[in-house]
Amino acid sequence: MTQQLHARWTHWRRRLLHALLHERAPHEHLANRVALLAAVGTVAMPLYYLLWQFFFPQAYENLILRLTGVGICVAGLFARRFTARWLSRYLLFALSYILPFFFTFMFVMNHASSIWGESLLIGLVVLFHFETGLACRAYLIGTSAACLAVIVQGEGNFLLQPEVLQQLPVHWFTIAALSVVKVGSKVLEQERLAGLASGLGSVAHELRTPLTSVEANVRGLRRLLPQLPNEAGKADEVPPVQEALSRIQFEVRHMQHMIDLFLMSASAVNRNLEPRQALSMQDMVNAVLKRYPFTGSKQRSSVTLDVRADFQFAGQDELCVVILLNLLRNALKATQRAGKGRVRIIIDGERPVPRLLFIDTGCGIAQNRLPLIFERFYSYPVHNGSGIGLALCRQIADAWQARIRCVSREHAYAIFILEFPLPVPARFQLSPLAR
């Protein structure tokens, strides 16, 4: 019993540490959250200056600091236009200044008043709703800068007063509690993903044996079939039987390919997603088009590839196959549901930010569902898969510092855009597919 408890504690401790150190918010959601908080800060900074200056006067106010904060918040209103690199830089600077620096400085300069003590605590709660690593860096930078500013203002002695020091245990407990709760929810999500991946893998493996048996029996029947007309005198019935057997054989091979896709997706959930290779986008797309189980020549001809310029990117070949297979499968399913449309794949390496586009003119995606398609376990219609395909694509893209997004109009089209803004590091070797 003790060994089981120790094993469970070790397992959860590793999960907690991994989630704490590797949590990463998707660029789209992070930019939206930053823009929303920037709008709140743009209004709150001048509003609370009026409140604390004229309606409920405080011992100390600083209009210059507030106007600086307003300027930083106004810049954050355009966070959706930032690249991932610039968004992370802006976020570190903005969070360091507005939350720990401003609130700590005003708390000390107002001699630890209750209003500013509560404001500082709320600021820390907001701060640690962001990634834990980013929040810790912003907390240390902002708090240290605030202490230096207080010393420059000649109030350094007050930093060691009990009114200030007694707040530290409260702040640290709040930070620890928020971090554990936040990471705990991520651990539960990872557990659910791992269970789903394990289930997919088990089902896929179990299906291989009967499918292999069916295919072997079909091959045997096709070898015996030419002998039947001589014995039974039913030569006119042979072509339809041959056609049926060919269809069965094709469906079996199609299922085998889908099992391969499920297994790759299941294994990708628990593997290291960081890039390790230099890949050629044209070679990767060609490889996926060769291995995809099209239902026939008509469906294959509905997919076209337009190579404007090939480009290389940092990634992993197996994970790239997972992304491309998922995007191609979703595009073909959209045209199948609509009963019309084609799929066009564009490789555009001539742009400053090279990109890959999957364009289908199928059923499209409704605007109210568009923000949800990259969420884990979300699928529409509800029976349309497990809901991990696009979420996994986004997770892999984030690990590669790439960006995936979708532009769509219902009943018209859907465009999935993959952008690769970073150059390939020299340490990565070219994948065999790209040689």
**Asked** Does some side-chain heavy atom of Leu99 sit less than 4.5 Å from a side-chain heavy atom of Leu124?
**Response** no
**Request:** Would you mind listing every salt bridge (Lys or Arg N to Asp or Glu O under 4.0 Å) that reaches into residues 349-360, with sequence neighbours excluded?
**Result:** none
**Message:** Using the salt bridge (Lys or Arg N to Asp or Glu O under 4.0 Å) criterion, which residues pair with Arg308? Sequence neighbours excluded.
**Reply:** Asp306, Asp348
**Message:** Does any part of the side chain of Leu332, heavy atoms only, come nearer than 4.5 Å to the side chain of Ser302, both counted from C-beta?
**Reply:** yes
**Prompt:** What closest approach, in Å, do Leu92 and Ala138 show between heavy atoms, and which atom pair accounts for it?
**Reply:** CD1-N, 4.0 Å
**Prompt:** Are the side chain of Arg342 and the backbone N or O of Ser301 linked by a donor-acceptor pair below 3.5 Å?
**Reply:** yes
**Side-chain heavy-atom pair Arg80, Asn32 within 4.5 angstrom cut-off** = yes
**Prompt:** Looking at Ile346, Val407, Ile347, which one forms a side chain to side chain contact (heavy atoms under 4.5 Å, CB included) with Leu357?
**Reply:** Ile346
**Message:** Working note: Phe128 + Cys136, criterion side-chain contact (heavy atoms from CB on, under 4.5 Å); need CA distance, chi angles, decisive distance, verdict.
**Reply:** CA-CA 8 Å; Phe128 277 85; Cys136 287; 3.8 Å; yes
**Message:** Strictly distance-based, threshold 3.5 Å: is any side-chain N or O of Gln401 a donor or acceptor partner for the main-chain N or O of Phe420?
**Reply:** no
**Prompt:** Arg344 side chain to Thr304 main-chain N or O, any donor-acceptor pair under 3.5 Å?
**Reply:** no
**Request:** Assess whether side-chain contact (heavy atoms from CB on, under 4.5 Å) is satisfied between Leu370 and Cys406, documenting all intermediate values.
**Result:** CA-CA 8 Å; Leu370 201 56; Cys406 180; 3.7 Å; yes
**Message:** Asp310: which residues meet the salt bridge (Lys or Arg N to Asp or Glu O under 4.0 Å) condition with it, sequence neighbours left out?
**Reply:** none
**Minimal non-hydrogen separation, Leu178 against Val125, with atom names** = CD1-CA, 3.6 Å
**Asked** Counting heavy atoms not belonging to Arg409, are there more than 12 under 6.0 Å from its CZ?
**Response** no
**Request:** Decide side-chain contact (heavy atoms from CB on, under 4.5 Å) for Leu289 and Phe294; before the verdict, give the C-alpha distance in whole Å, the side-chain angles of both, and the deciding distance to 0.1 Å.
**Result:** CA-CA 9 Å; Leu289 291 177; Phe294 293 101; 4.2 Å; yes
**Prompt:** Where the side chain of Arg300 meets the backbone of Val303, is there a donor-acceptor pair that is under 3.5 Å apart?
**Reply:** yes
**Prompt:** Does Trp116 reach the main-chain N or O of Phe105 with its side chain, forming a donor-acceptor pair under 3.5 Å?
**Reply:** no
**Prompt:** Should the ring pair Phe313 and Phe311 be called parallel, tilted or perpendicular, given that the plane angle runs from 0 to 90° and is split at 30 and 60?
**Reply:** tilted
Pairs of donor and acceptor atoms involving the side chains of residues 62-77, under 3.5 Å and at least two apart or interchain, shall be tabulated with distances.
residue : atom : partner : partner atom : Å
Asn62   : OD1  : Ile64   : N            : 3.1
Asn62   : OD1  : Leu65   : N            : 3.0
Asn62   : ND2  : Tyr60   : OH           : 2.9
Arg66   : NE   : Glu61   : OE1          : 3.0
Arg66   : NE   : Glu61   : OE2          : 3.4
Arg66   : NH1  : Met45   : O            : 3.0
Arg66   : NH2  : Glu61   : OE2          : 3.0
Thr68   : OG1  : Ile64   : O            : 2.9

**Request:** Please confirm whether the backbone N or O of Ile141 pairs with a side-chain atom of Ser144, one donor and one acceptor, at under 3.5 Å?
**Result:** no
**Item:** Leu327 versus Ile404, closest heavy-atom pair with distance
**Value:** CD2-CD1, 4.3 Å
**Request:** May I ask you to decide if Ser408's main-chain N or O and Gln367's side chain share a donor-acceptor pair within less than 3.5 Å?
**Result:** yes
**Message:** Determine whether Leu134 and Leu127 satisfy the following criterion, side-chain contact (heavy atoms from CB on, under 4.5 Å), listing intermediate values before the conclusion.
**Reply:** CA-CA 9 Å; Leu134 171 65; Leu127 175 63; over 6 Å; no
**Message:** Donor-acceptor pair, distance only, cut-off 3.5 Å: does the side chain of Lys340 make one with the backbone of Thr361?
**Reply:** yes
**Asked** Do the side chains of Ile396 and Leu392 get nearer than 4.5 Å, heavy atoms only?
**Response** yes
**Request:** May I ask you to decide if Asp317's main-chain N or O and Gln277's side chain share a donor-acceptor pair within less than 3.5 Å?
**Result:** yes
**Message:** How close do Ala314 and Pro275 get, counting heavy atoms only, and between which atoms?
**Reply:** C-CB, 3.6 Å
**Prompt:** Heavy atoms, side chains only, cut-off 4.5 Å: are Ile323 and Phe358 in contact?
**Reply:** no
**Request:** For residues 414-425, pull every pair meeting salt bridge (Lys or Arg N to Asp or Glu O under 4.0 Å), keeping only residues two or more places apart or in separate chains.
**Result:** Arg403-Glu419, Arg405-Glu419
**Asked** Can you name the residues that form a side chain to side chain donor-acceptor pair (under 3.5 Å) with Tyr413, not counting sequence neighbours?
**Response** none
**Message:** Heavy-atom count check: over 12 atoms from other residues, nucleotides or ligands less than 6.0 Å from Tyr90 OH?
**Reply:** yes
**Prompt:** Do Ile365 and Glu410 have side chains that get closer than 4.5 Å, going by heavy atoms?
**Reply:** no
**Message:** On a heavy-atom basis, which atom in Phe101 and which in Ala146 lie closest, and how many Å separate them?
**Reply:** CD1-N, 3.4 Å
**Cys320 versus Leu279, closest heavy-atom pair with distance** = CB-CD1, 4.1 Å
